[in-house]
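Data first, discussion second: the structure below is written as structure tokens.
Whatever order the structure lists ligands and atoms in, that order sets their numbers, starting from 1. All of these numbers come straight from a predicted model, not from anything done at the bench.
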Amino acid sequence: MTARPHALAVGTSGMLAGACRGLAERGWQVTMVARARRKLDAAIAGTPHLWPAPVDYRDATAFDTAVKDAIARAGPVRLALCWIRGTAPDALTATAAVVVDGGRVVHVLGSAGGRHPSTLGSGALLAQDRVRYQRVVLGFVVESGRSRWLTDAEISAGALAAIDDSALDPHVVGQVEPWHARP
Ligand SMILES: NC(=O)c1ccc[n+]([C@@H]2O[C@H](COP(=O)([O-])OP(=O)(O)OC[C@H]3O[C@@H](n4cnc5c(N)ncnc54)[C@H](OP(=O)(O)O)[C@@H]3O)[C@@H](O)[C@H]2O)c1
């Protein structure tokens, strides 16, 4: 068991690997969930306090076992960082369920076709107050008259901004309006 608080970071070996490194720098012990072991190993290389949990979050039984193993070695989950496809809502529910009372769920979301950020996310998590639920909505950037999608570094920095300030919700990274200005 580690003395550090435990963060469970689901779907984070890609664009959110930088956010996991930022969590480790902030004093967290981070369990990173993704399927491909090689990508996980590359993401954790050189950074202490990141542990890989190679599992498919669509496999409820395997995911439950992996999360229980992570809790056994790193302690109760105080923060969940989630980038979970909308096609796997049960994985978001299962992740939020293991977060301790008073803990936090930071949910990274795509911008969903120009819908207002306040309408995005999990209705069930928005309706409860057992844990603090924050949404991080990924937008785009307009610079020098041209628009582009966010970089992985900008996405990770946006997630960390929400982690650093629990009052932020929804936290839009870049912009989502006007939607027609997207790349
Ligand atoms: N508005 C924006 O600017 C915006 C929004 C969204 C995405 N993007 C861009 O689009 C790129 C691609 O997006 P992406 O979704 O492919 O992001 P990604 O973060 O590169 O990949 C998804 C992450 O989730 C994991 N994952 C996926 N399915 C999983 C499953 N069933 N079980 C466990 N883990 C799973 C992946 O690892 P495994 O595949 O190994 O499981 C990976 O760690 C990003 O790099 C980003 O730059 C931009």
Side-chain angles (χ1 to χ4, degrees), residues 7-24 30-45 47 50-71 77 79-98 105-122 134-144 146-163 168 170-183:
L8 178 61
V10 182
T12 54
S13 65
M15 64 190 190
L16 288 170
C20 293
R21 289 190 283 273
L23 278 170
V30 186
T31 298
M32 294 174 65
V33 171
R35 290 164 299 184
R37 179 69 201 230
R38 196 186 306 180
K39 215 162 91 183
L40 272 170
D41 286 343
I44 67 175
T47 308
L50 300 180
W51 278 336
V55 67
D56 186 334
Y57 56 57
R58 295 168 302 181
D59 181 338
T61 305
F63 184 63
D64 180 62
T65 301
V67 169
K68 282 189 175 129
D69 287 351
I71 290 170
V77 175
L79 167 71
L81 172 63
C82 304
W83 173 236
I84 295 172
R85 297 190 198 284
T87 51
D90 292 351
L92 177 67
T93 304
T95 301
V98 299
V105 175
V106 174
H107 188 191
V108 179
L109 296 152
S111 35
R115 277 174 54 193
H116 193 274
S118 63
T119 68
L120 301 176
S122 159
Q134 288 171 270
R135 296 157 295 170
V136 176
V137 178
L138 304 180
F140 54 89
V141 174
V142 179
E143 53 188 10
S144 308
R146 300 189 65 165
S147 68
R148 61 168 176 81
W149 296 110
L150 299 165
T151 64
D152 290 359
E154 289 167 339
I155 291 168
S156 282
L160 288 169
I163 287 164
L168 290 182
H171 175 49
V172 177
V173 188
Q175 63 184 76
V176 291
E177 290 170 344
W179 182 241
H180 63 73
R182 71 192 182 281

In terms of atom number and element, which parts of ligand 1 are under 4.0 angstrom from non-hydrogen atoms of [X]?
{"X": "Ser13", "result": "37 (O), 42 (C), 43 (O)"}
{"X": "Gly11", "result": "23 (C), 24 (O), 25 (C), 43 (O)"}
{"X": "Val55", "result": "32 (N), 33 (C)"}
{"X": "Asp56", "result": "30 (C), 31 (N), 32 (N)"}
{"X": "Asp152", "result": "44 (C), 45 (O), 46 (C), 47 (O)"}
{"X": "Leu138", "result": "1 (N), 2 (C), 5 (C), 6 (C)"}

**Request:** Out of Tyr57, Phe63, Trp83, indicate the one that has the non-hydrogen atom closest to atom 30 (C) of ligand 1.
**Result:** Tyr57
Main-chain N/O of [Y] paired to [X] side chain as donor or acceptor, under 3.5 Å:
{"X": "Ser13", "Y": "Ala43", "value": "no"}
{"X": "Gln134", "Y": "Leu168", "value": "yes"}
{"X": "Ser156", "Y": "Ala19", "value": "yes"}
{"X": "Tyr57", "Y": "Arg85", "value": "yes"}
{"X": "Ser118", "Y": "Pro170", "value": "no"}
{"X": "Arg135", "Y": "Leu120", "value": "yes"}
{"X": "Ser111", "Y": "Leu138", "value": "yes"}

Taking [atom] as the reference point, the nearest protein heavy atom with its distance:
{"atom": "atom 2 (C) of ligand 1", "answer": "Gly139 O, 3.5 Å"}
{"atom": "atom 48 (C) of ligand 1", "answer": "Ile155 CD1, 4.0 Å"}
{"atom": "atom 16 (O) of ligand 1", "answer": "Arg85 NH2, 3.8 Å"}
{"atom": "atom 40 (O) of ligand 1", "answer": "Ala36 N, 2.9 Å"}
{"atom": "atom 46 (C) of ligand 1", "answer": "Met15 SD, 3.5 Å"}
{"atom": "atom 28 (N) of ligand 1", "answer": "Arg35 NH2, 3.1 Å"}

**Request:** Scan the protein's non-hydrogen atoms and note whether one is under 4.0 Å from atom 12 (C) of ligand 1.
**Result:** no
**Prompt:** Do you see a protein non-hydrogen atom under 4.0 Å from atom 33 (C) of ligand 1?
**Reply:** yes
**Request:** Specify side chain, backbone, both or neither for Lys39, according to which of its non-hydrogen atoms lie closer than 4.0 Å to ligand 1.
**Result:** side chain
**Proximity to ligand 1 by part of Thr12, non-hydrogen separation under 4.0 Å** = backbone
**Item:** Val33 N/O under 3.5 Å from ligand 1 N/O
**Value:** no
**Item:** Geometric N/O contact Leu150 with ligand 1, under 3.5 angstrom
**Value:** yes
**Request:** Answer whether the closest heavy-atom distance between the side chains of Phe140 and Gln175 falls below 4.5 Å.
**Result:** yes
**Message:** Would you compute the distance between atom OG1 of Thr95 and atom CD1 of Ile84 and round it to the nearest 0.5 angstrom?
**Reply:** 4.0 Å
**Asked** In Å, rounded to the nearest 0.5 Å, how long is the span from SG of Cys82 to NE2 of His107?
**Response** 6.0 Å
**Request:** Using the side chain to side chain contact (heavy atoms under 4.5 Å, CB included) rule, pick out the option among Leu23, Thr31, Val30, Leu40 that qualifies with Leu50.
**Result:** Val30
